[in-house]
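What follows is a single structure, written as structure tokens, with notes after it.
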Amino acid sequence: MRYAEQSQSGLPDIEIPVLEPQRQLYFIQKAKELTKQYWNGNQPPAYCLETFGCQMNEKQSEVIAGILEEIGFVRTRREEEGDFIAYNTCTVRENANLKVYGRLGKLRNLYGRNQKMRIALFGCMMQEEEVIRKIREDYPFVHLVFGTHNMYQFAELYCRMMESGQQVVDIQEGSDRIVEELPSARNFGFKSGVNIMFGCNNFCSYCIVPYVRGREKSRTPGAVVNEVEKLAEDGVTEVMLLGQNVNSYGKTLPEPVSFAKLLEMVEKVEKIRRIRFMTSHPKDLSDELIEYIARSRKVCHHLHLPMQSGSSRILADMNRHYDKEYYLDLVARIRKAIPDISLTTDIMVGYPGETEEDFQDTMDVVEKADFDTAFTFIYSKRAGTPAAKREDQIPPEVVKDRFDRLLALVQKKGRENSSRFEGTVQEVLVESESKEKGIFTGRTQYNLLVHFEGRKEMLGQYIRVSLDQCHGFYYLGTVVEENP
Ligand code: 5AD
Ligand code: SF4
């Protein structure tokens with residue numbers, strides 16, 4: 001192993017490793033000491049970590065939580081009880097940023113009452129220059145800021161924060177590094193996300209993700225399978241493979257591997273019963289993958305396939321590389337190969353230059369594609385993206401009117417489509433108990449929820465439930481068999 005730098009801390013003078021993850025493991029030990037010295041009460045200090053945005057952020061937060069727990073913190077969900085507060089931020093739409101600024105306003109008061117508190121912001125939103133300028137000027141009580149490319153250095157940055165007494169800001173422009181084998185805490189015992197790639201190369205004209213998350217990088221199949229095996233040993237039976245565009249997984253690896261091949265490898269992990277993945281880009285969804293899902297015993301029959309718009313003209317401008325006909329044909333091919341598939345999608349309204357005719361094309365695809373659920377968004381102008389520079393932005397009242405009409409159609413179609421399972425018996429993974437005691441929630445492979453009377457021992461188990469009544473986005477059901 002190579003070594004460099006002499007330690008400056010009060011720790012015995014051992015050399016600081018250069019290689020990862022050894023370097024971060026060293027800083028975790030150092031952070032433990034710094035934490036003990038700073039919060040030297042009888043109770044261990046508490047951290048409160050909040051995640052905004054997507055499931056990839058959720059997964060990366062588990063690593064930050066794992067490191068904090070190694071350092072000696074215990075978790076609290078109540079911000080006012082936290083000694084260390086951290087937000088993993090999102091910037092995909094402006095609303096996400098506004099939420100963080102709103103929360104910072106409240107934190108300012110909390111910090112005013114407890115100046116021993118330490119506060120960190122990290123993730124996507126921090127990769128924006130304007131945000132950093134604002135934090136430097138208006139939020140001096142934020143002690144540590146880092147971005148998406150150096151999350152793996154959290155322990156090291158935490159030490160810098162604890163030692164410097166000043167605001168530490170460390171944002172990197174890009175990285176092709178993926179650091180494996182860092183500690184991680186998990187949100188659920190029986191299901192888990194697994195990041196298989198980071199970044200995006202697509203540059204859809206409205207989207208900020210490629211700018212804040214950088215170029216596409218895939219983890220090796222070995223690293224992915226290794227993580228899935230460890231999760232399975234720990235009791236996980238359902239994994240969700242995560243990436244901005246999983247269909248282009250493995251293309252940039254020294255030895256390229258297709259996503260379908262990766263699924264095949266994950267499927268071999270014996271104790272895993274269900275495999276999910278997201279997100280699929282329609283342009284890269286291969287016949288190989290469709291055939292694989294059709295014959296797999298473990299891949300759930302649910303595909304999230306963002307269409308964004310139904311207008312070929314708008315799709316071309318968005319740089320999506322498919323048109324309305326291609327999308328509808330793809331849906332038909334998927335349904336032919338996997339007749340019971342559940343399809344969900346993302347749709348945006350109010351993209352610059354969108355006419356009523358373009359919008360009607362979107363409504364037409366929603367009529368024809370039979371989605372179970374569609375996530376609908378109002379176009380949000382993101383700094384630095386090509387679409388933000390356009391002058392033909394759509395007036396808010398026109399967008400709102402289209403959004404309302406789209407939402408009404410999406411909900412009507414969603415109710416019709418997802419009720420097709422009414423009266424059938426399905427296997428569900430029991431995920432949680434609701435506030436109403438004795439009522440449990442399970443998820444079918446189609447990603448539909450069902451509530452039923454059950455017992456605590458059912459949590460994390462697969463049971464068979466009759467889907468008696470469809471209530472739009474969920475079912476009410478009864479347990480038919482506990483150990484199928
Ligand atoms: N405005 C609105 N929605 C957006 N999305 C991505 N960028 C924007 C934006 N600028 C939506 C897309 C994507 C989902 C994750 O977020 O529909 O699929
Ligand atoms: Fe954004 Fe397009 Fe990449 Fe998805 S595929 S993250 S919408 S640029």
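Counting convention: from 1, in listed order, for ligands and their atoms alike.
Y351 and D358 share no side-chain donor-acceptor pair at under 3.5 Å. A donor-acceptor pair shorter than 3.5 Å can be found between the side chains of N202 and K283. Side chain to side chain, T424 and Q426 meet the donor-acceptor criterion of an N or O pair below 3.5 Å. One side chain, D284 or N245, offers a donor N or O that lies under 3.5 Å from an acceptor on the other. Remark: the H304 side chain and the T344 side chain contain an N/O donor-acceptor pair separated by less than 3.5 Å.
Looking from atom 10 (N) of ligand 1 to the surrounding protein, the closest heavy atom is S380 O, 2.8 Å. Atom 7 (N) of ligand 1 has Y206 CD1, 3.4 Å as its closest protein atom, hydrogens excluded (heavy atom only). Among all non-hydrogen protein atoms, the one lying nearest atom 1 (Fe) of ligand 2 is C207 SG, 2.3 Å. From the protein, the heavy atom lying nearest to atom 7 (S) of ligand 2 is Y206 OH, 3.3 Å. The single protein non-hydrogen atom nearest to atom 15 (C) of ligand 1 is D346 OD2, 3.7 Å, given as residue, atom name and distance.
Heavy-atom contacts of V209 reach the following atoms of ligand 2: 6 (S) (cutoff under 4.0 Å). Which parts of ligand 2 touch N202 is read off a 4.0 Å heavy-atom cut-off, strictly below it: atoms 5 (S). In the vicinity of Y379, heavy-atom distances shorter than 4.0 Å reach the ligand 1 atoms 1 (N), 2 (C). Per-residue contacts place V92 under 4.0 angstrom from the following atoms of ligand 1 (heavy atoms of the residue considered): 6 (C), 7 (N), 8 (C), 9 (C), 10 (N). Atoms of ligand 2 lying under 4.0 Å from any heavy atom of Q244, numbered from 1 in the order shown and given with element: 6 (S).
Within the structure, the closest approach of R213 to ligand 2 does not fall below 4.0 Å when heavy atoms are considered. Within the 4.0 Å heavy-atom cutoff, I378 counts among the residues contacting ligand 1.
When the heavy-atom distances from atom 17 (O) of ligand 1 to Q308, R382, M348 are ranked, the shortest goes to Q308. In this comparison of Q244, R93, H304, the heavy atom closest to atom 4 (C) of ligand 1 sits on R93.
Contacts with ligand 2 closer than 4.0 Å are made by side-chain heavy atoms of P210 only, the backbone lying farther away. At a heavy-atom distance under 4.0 Å, only side-chain atoms of F377, from C-beta outward, approach ligand 1. Neither the backbone nor the side chain of K283 has any atom closer than 4.0 Å to an atom of ligand 2 (non-hydrogen atoms only). The side chain of C200, and not its backbone, has at least one atom closer than 4.0 Å to an atom of ligand 2 (non-hydrogen atoms only; side chain from C-beta on).
A side-chain contact (heavy atoms from CB on, under 4.5 Å) with F52 holds for exactly one of C124, S61, C90; it is C90.
Between E354 and R402, at least one side-chain nitrogen of the basic residue sits less than 4.0 Å from a carboxylate oxygen of the acidic one, meeting the salt-bridge criterion. The existence of a salt bridge linking E50 and R103 is confirmed by a sub-4.0 Å separation between a basic side-chain nitrogen and an acidic carboxylate oxygen.
With a 6.0 Å cutoff to the six-membered ring centre and a 45° limit on the axis angle, R382 does not count as a cation-pi contact of Y206. Remark: K261 fails to qualify as a cation-pi partner of Y292 under the 6.0 Å distance and 45° angle criteria applied to the six-membered ring. At least one cation-pi condition fails for R75 and Y47: the charged atom is not both under 6.0 angstrom from the six-membered ring centre and inside a 45 degree cone around its axis.
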message: Set out, in order, the CA-CA distance, both residues' side-chain angles and the distance that settles side-chain hydrogen bond (donor to acceptor under 3.5 Å, both in side chains) for D340 and Y446, then state yes or no.
response: CA-CA 9 Å; D340 64 339; Y446 310 106; 2.6 Å; yes

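Within the 2.8 Å limit, C204 places at least one N, O or S atom next to atom 2 (Fe) of ligand 2.
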